[in-house]
Protein chains: 2
Amino acid sequence: MDVLTQAEENYLKAVFKITENDDKSASTNAIAAMMSTSAASVTDMLKRLSAKGLLHYEKHRGVILSERGSELATNLVRKHRLWEVFLVKMLHFSWDKVHDIAEQLEHVQSDELVERLDVYLERPQFDPHGDPIPDASGKMAMRKQVLLSSLDPGDQAVVVGVQESTATFLQYLDKMQLSLGTNLRVLERFDYDGSMKIALNDGTEITLSHKVCENLFLQKSK
Amino acid sequence: MDVLTQAEENYLKAVFKITENDDKSASTNAIAAMMSTSAASVTDMLKRLSAKGLLHYEKHRGVILSERGSELATNLVRKHRLWEVFLVKMLHFSWDKVHDIAEQLEHVQSDELVERLDVYLERPQFDPHGDPIPDASGKMAMRKQVLLSSLDPGDQAVVVGVQESTATFLQYLDKMQLSLGTNLRVLERFDYDGSMKIALNDGTEITLSHKVCENLFLQKSK
DNA sequence: TCCTAATTTTAGGCAAGCCTAAATATTGCC
DNA sequence: GGCAATATTTAGGCTTGCCTAAAATTAGGA
Ligand SMILES: [Mn+2]
Ligand SMILES: [Mn+2]
Ligand SMILES: [Mn+2]
Ligand SMILES: [Mn+2]
């Protein structure tokens, strides 16, 4: 039906990401920042995507995705995350290396490919960073997760995701022995700088900065 | 090092394919035909690729790939064929469906991805159509294969490849129960129209047109 | 060899995506 | 409410890849 260029797909995804949390519209500047491009280029593209009915654009008002645009963006996210699972699970890439490759793979056009990949990977619900994978109809699993920074001393929890998934952050977590599935217990929280002291299952005690605590998703286990 | 656009990569591959059998140069028209584009567009691109040192171009003389261009084209062929193996072996696509998807996947840029894919697939030597897969250094297996049309009555042989790999031809072979690895015996050759009667292992006897016989590669087994 | 047909190149143009600089609209603060 | 800062759009331009039509070159047959 609609075959979009990679550029168009990338813009849709940017709008999707910006609007998925806070439901407001996506501003020209926000999109430009996310895509590392100029505001002028964004305006250009927004007009074209609007003409194709993929988003609603009014001068100076920001944009929101149309029904169709939202479907396409969700499918891109699905493909991106499925490929990340493939790269980690089958090709044994580490979780900090897969994003850039998935950025390319997500643009491959073939519904049958996506379906077969999904089956092959045994219909995974979450990607290597703990992000939920939409199913073919766009629905995705919800999980009651909280930021480490919101836990209190005594809380026991398991790491289920990362808020940020830059290579540097992921590599830092590797160094700290933290990965998805890691169990930990909160020992202390320092109000002075928001850092926290936690204990891992093997008894190791580590202190994590506020920034780290704001980027780790956990599920309370007690 | 050189990061090429998909268009540039496709032109390199076209030149590679045209020149790989008969070692002469690739003509503008031949490239245009292979890429379903105009001769003017080809001339345009040849100049650009020549400026990048990927091929040798002289007006009205056709082109040949440079050392570097040949390396890049070979690597593309490697990626294309590895992805085809993945699609058939892992995702259970039929051999007539994989080419178009591999045309897209071959442009994904990541040497590590190719290497890991190769390992994962257990370093296959041939793709689902029997075509040899170049290794990381560009070398590929040679096989002494002949066209079915060159066999004589009494010859016993095994199907190892297809000359043409269009979806219609591959589907025809499926219908005829012919696939890579199929053993057959030549019963008769009709000089009138070049068709041949062959017997399969299960005793089935079929007659194949000259066109089919000219597109099937076999390895004699007796 | 000469002339015509076929091939190839050039010229001119267009759309997609990007850019910078300038113009305009909106926001927020006094 | 008015004005300055900020956000956004417009204008003009560039490259890549494509097109058609016209010009130039090459090849092949008489
Ligand atoms: Mn990612
Ligand atoms: Mn991810
Ligand atoms: Mn192929
Ligand atoms: Mn093949």
Side-chain angles (χ1 to χ4, degrees), chain A residues 1-19 22 24-65 69 72-73 76 103-104 106-107 109, chain B residues 2-16 18-19 22 24-65 69 72-73 76 103-104 106-107 109:
Chain A
M1 220 205 105
D2 347 56
V3 173
L4 304 186
T5 65
Q6 297 200 184
E8 288 171 328
E9 290 192 334
N10 286 333
Y11 275 95
L12 280 189
K13 235 183 20 161
V15 175
F16 182 84
K17 276 187 195 163
I18 291 166
T19 53
D22 31 52
K24 302 167 307 182
S25 66
S27 72
T28 301
N29 265 3
I31 299 169
M34 176 156 296
M35 315 237 348
S36 307
T37 190
S38 72
S41 300
V42 173
T43 300
D44 230 44
M45 180 60 94
L46 292 183
K47 287 178 183 168
R48 256 173 288 150
L49 291 175
S50 172
K52 290 194 179 190
L54 301 174
L55 45 79
H56 302 292
Y57 170 67
E58 268 182 288
K59 277 190 193 177
H60 300 283
R61 286 285 116 90
V63 291
I64 54 169
L65 293 179
L72 290 171
L76 276 169
E103 284 291 315
Q104 300 178 66
E106 73 190 4
H107 299 293
Q109 305 281 356
Chain B
D2 346 58
V3 173
L4 305 186
T5 64
Q6 296 200 185
E8 289 171 327
E9 290 192 336
N10 286 334
Y11 275 95
L12 280 189
K13 235 183 22 161
V15 175
F16 182 84
I18 292 166
T19 53
D22 31 50
K24 304 166 309 186
S25 66
S27 74
T28 301
N29 265 2
I31 298 168
M34 176 156 296
M35 314 240 342
S36 307
T37 191
S38 71
S41 300
V42 173
T43 301
D44 231 43
M45 180 60 94
L46 292 183
K47 287 178 184 168
R48 257 173 287 149
L49 291 175
S50 173
K52 290 194 179 191
L54 300 175
L55 46 77
H56 301 292
Y57 170 67
E58 267 181 290
K59 276 189 191 177
H60 300 282
R61 286 287 116 87
V63 291
I64 53 169
L65 293 178
L72 290 171
L76 277 169
E103 284 291 316
Q104 300 178 67
E106 73 190 4
H107 298 293
Q109 305 282 356

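Here is how names work: the chains are called A, B, and so on, in the same order as the sequence lines, proteins then strands, and each is numbered from 1.
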Review point. Quick one: on DNA chain C, does A:His60 or A:Glu8 contact a more 5' nucleotide (nearest heavy atom)?
Key: A:Glu8

Side-chain contact test, heavy atoms from C-beta onward, threshold under 4.5 Å: evaluate it for [X] versus [Y] and give yes or no.
| X | Y | answer |
| --- | --- | --- |
| B:Asn10 | B:Met35 | yes |
| A:Tyr57 | A:Leu49 | no |
| A:Val63 | A:Ser25 | no |
| B:Val15 | B:Leu54 | no |
| B:Tyr11 | B:Val42 | yes |

Whole angstrom is fine here: how far is it from [atom1] in [X] over to [atom2] in [N]?
| X | N | atom1 | atom2 | result |
| --- | --- | --- | --- | --- |
| B:Leu12 | D:dG17 | CG | P | 11 Å |
| A:Gln6 | D:dG17 | CD | P | 13 Å |
| A:Leu4 | C:dG17 | CG | C1' | 15 Å |
| B:Glu58 | D:dT26 | CD | P | 11 Å |
| A:Asp44 | C:dA16 | CG | C1' | 9 Å |
| B:Lys52 | D:dT15 | NZ | C1' | 11 Å |
| B:Lys24 | C:dT7 | NZ | C1' | 15 Å |
| B:Leu46 | C:dT8 | CG | P | 10 Å |

Please determine, for the side chain of [X], which listed nucleotide ([options]) has the closest atom?
| X | options | value |
| --- | --- | --- |
| A:Tyr11 | D:dT9, C:dC18, C:dA16 | C:dC18 |
| A:Arg61 | D:dG17, C:dT26, C:dC18 | C:dT26 |
| B:Ser38 | C:dT8, C:dC19, D:dC19 | D:dC19 |

Side-chain N or O of [X] less than 4.0 angstrom from OP1 or OP2 on [N]?
| X | N | value |
| --- | --- | --- |
| A:Thr28 | D:dT9 | yes |
| A:Thr37 | C:dG17 | no |
| B:Lys47 | C:dT10 | yes |
| B:Ser41 | D:dG17 | no |
| B:Tyr57 | C:dT9 | yes |
| B:Lys59 | C:dT10 | yes |
| A:Asn29 | D:dT6 | no |
| B:Thr5 | D:dG17 | yes |
| B:Arg48 | D:dT16 | no |

Check your understanding: Which residue, B:Lys52, B:Lys47, B:Lys13, forms the salt bridge (Lys or Arg N to Asp or Glu O under 4.0 Å) with B:Glu8?
Key -> B:Lys52

Check your understanding: For B:Ala39, which contact category applies under a 4.0 Å heavy-atom criterion: base, sugar-phosphate, or nothing?
Key -> base

